[in-house]
Amino acid sequence: MPELPEVETTVRGLKSLIGSTIISIKIHTPKLRFIIPKNIISIKSNLKIIEIKRRSKYILIILSNKQCILIHLGMSGRLRLFNKKKFQKEKHDHLILSTNKEHLMVFNDPRRFGFVDFDLYKNIIQKRYILNLGIEALDLSLTGKLLFKKINKKIVPIKQILLDQRIISGIGNIYASEILFNAKISPLERGMDLKLDHCKTLVCSIRNILTKAINSGGSSLKDYVSVDGTLGNFQKKFKVYGKDKSTINGKKIKKILQYGRSTYFCPDIQIKFKKRY
DNA sequence: AGGTCTGTTACTGA
DNA sequence: ATCAGTAACAGACC
């Protein structure tokens, strides 16, 4: 269930790999969403991992010769660290990276919507999937004013705008519902109908929800776990997502479909602007 | 058996 | 050219 907070939690958990030297990379499933570049297995054994960082929902592992392993977790991908002696390969373990220390890093992804890329760092950041990304959701230069400028001509609903990685990157379907509830803005509101003040509120809610989710270790729906296998907690703090059978202060939560994705919201709290006065 | 699910993008048509 | 909307990818789960 990897959106920005889960990817950030994963990246933080991988920090213990920094400084290690790669010994081998084994590919068990060559074709994920895309085919894993074959030359990844030719990584020289004297290469060190010097930095691990996140861009939107992408994980970048930077090596001492300026090459970079990029991993996207897709819908169901997970990165786990194991002690070499205790590791036993499981179903859907597609790529295993072994270091000179006791660690193994394992990429597991049942649905195979994730992918792995490998190239010089300067080439990776020129790939279209990176270049097309909009401003980071937690970038401090994302202000209400900037958001307003980006969306005030858009006819699509604000829920859809939050999911559009070209406008803001990092938010996924679950946090979009939670953010809009926090901002008391209806997911059905068109981008062009949000005033500057709404955009300011929305930016606050984006920061608020994503930051709290990161501090809770992300959310564990179904099977998301951090690199050491522990569960995130933030799903316990969901106000609307997956709660269409319950109420908030006696007000019903509704589940609707928008562009084929489920949206959860409370129509009595997230009232459409035209109906307010 | 059939519907649903966290993400992304190629494609279509306006 | 830009914008909006749909289909497709694969497996697990209910």
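Reminder, nothing fancy here: chain letters follow the sequence lines and each chain counts from 1.
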> Is the A:Phe238 ring parallel, tilted or perpendicular to the A:Tyr175 ring (thresholds 30°, 60°)?
Replying inline: perpendicular
> Hey, what's the ring geometry for A:His72 with A:Phe115, parallel, tilted or perpendicular (30° and 60° as the breaks)?
Replying inline: parallel
From the list [options], which nucleotide is the closest neighbour of the side chain of [X]?
X: A:Glu3; options: C:dA12, B:dT6, C:dG5; answer: B:dT6
X: A:Arg128; options: C:dC3, B:dG7, B:dA10; answer: B:dA10
X: A:Leu257; options: B:dT9, B:dC5, C:dA12; answer: B:dC5
X: A:Ser76; options: B:dA10, B:dT6, C:dA12; answer: B:dT6

Rounded to whole angstrom units, what separation is found between the [atom1] atom of [X] and the [atom2] atom of [N]?
X: A:Lys159; N: B:dT6; atom1: NZ; atom2: P; answer: 8 Å
X: A:Gln165; N: B:dT8; atom1: CD; atom2: P; answer: 5 Å
X: A:Asp109; N: B:dG7; atom1: CG; atom2: C1'; answer: 11 Å
X: A:Lys57; N: B:dT6; atom1: NZ; atom2: C1'; answer: 9 Å
X: A:Ile161; N: C:dA4; atom1: CD1; atom2: P; answer: 8 Å
X: A:Arg33; N: B:dA10; atom1: CZ; atom2: C1'; answer: 9 Å
X: A:Leu163; N: B:dT6; atom1: CG; atom2: C1'; answer: 11 Å
X: A:Lys127; N: B:dT9; atom1: NZ; atom2: P; answer: 13 Å

> Quick one: is A:His72 getting a side-chain N or O under 4.0 Å of the B:dT8 phosphate, OP1 or OP2?
Replying inline: yes
> Would you say B:dT6 has OP1 or OP2 under 4.0 Å from some side-chain N or O of A:Ser262?
Replying inline: yes
Would you mind classifying the nucleic acid contact of [X] as base, sugar-phosphate or nothing, using non-hydrogen atoms under 4.0 angstrom?
X: A:Lys255; result: sugar-phosphate
X: A:Arg261; result: base
X: A:Lys91; result: sugar-phosphate
X: A:Tyr259; result: sugar-phosphate

> What do the steps show when you test A:Glu136 against A:Arg55 for salt bridge (charged side-chain N to carboxylate O under 4.0 Å, His left out), and what is the final call?
Replying inline: CA-CA 8 Å; A:Glu136 283 284 324; A:Arg55 169 76 174 104; 2.7 Å; yes
>> If you assign each of A:Phe113 and A:Arg166 to its closest nucleotide in DNA chain C, which residue comes earlier from the 5' end?
In response: A:Arg166
>> Both A:Pro157 and A:Lys31 contact DNA chain C. Taking the nearest nucleotide for each, which residue is further toward the 5' end?
In response: A:Pro157
> Okay, side chain of A:Glu189, backbone of A:Leu194: is any donor-acceptor separation there less than 3.5 Å?
Replying inline: no
> Taking the side chain from A:Glu6 and the backbone from A:Gly217, do they hold a donor-acceptor pair closer than 3.5 Å?
Replying inline: no
> Which nucleotide, in any strand shown, forms a Watson-Crick or G-U wobble pair with B:dG2, with both distances under 3.5 Å?
Replying inline: C:dC14
> Is the closest basic N to carboxylate O distance between A:Asp164 and A:Lys154 below 4.0 Å?
Replying inline: no
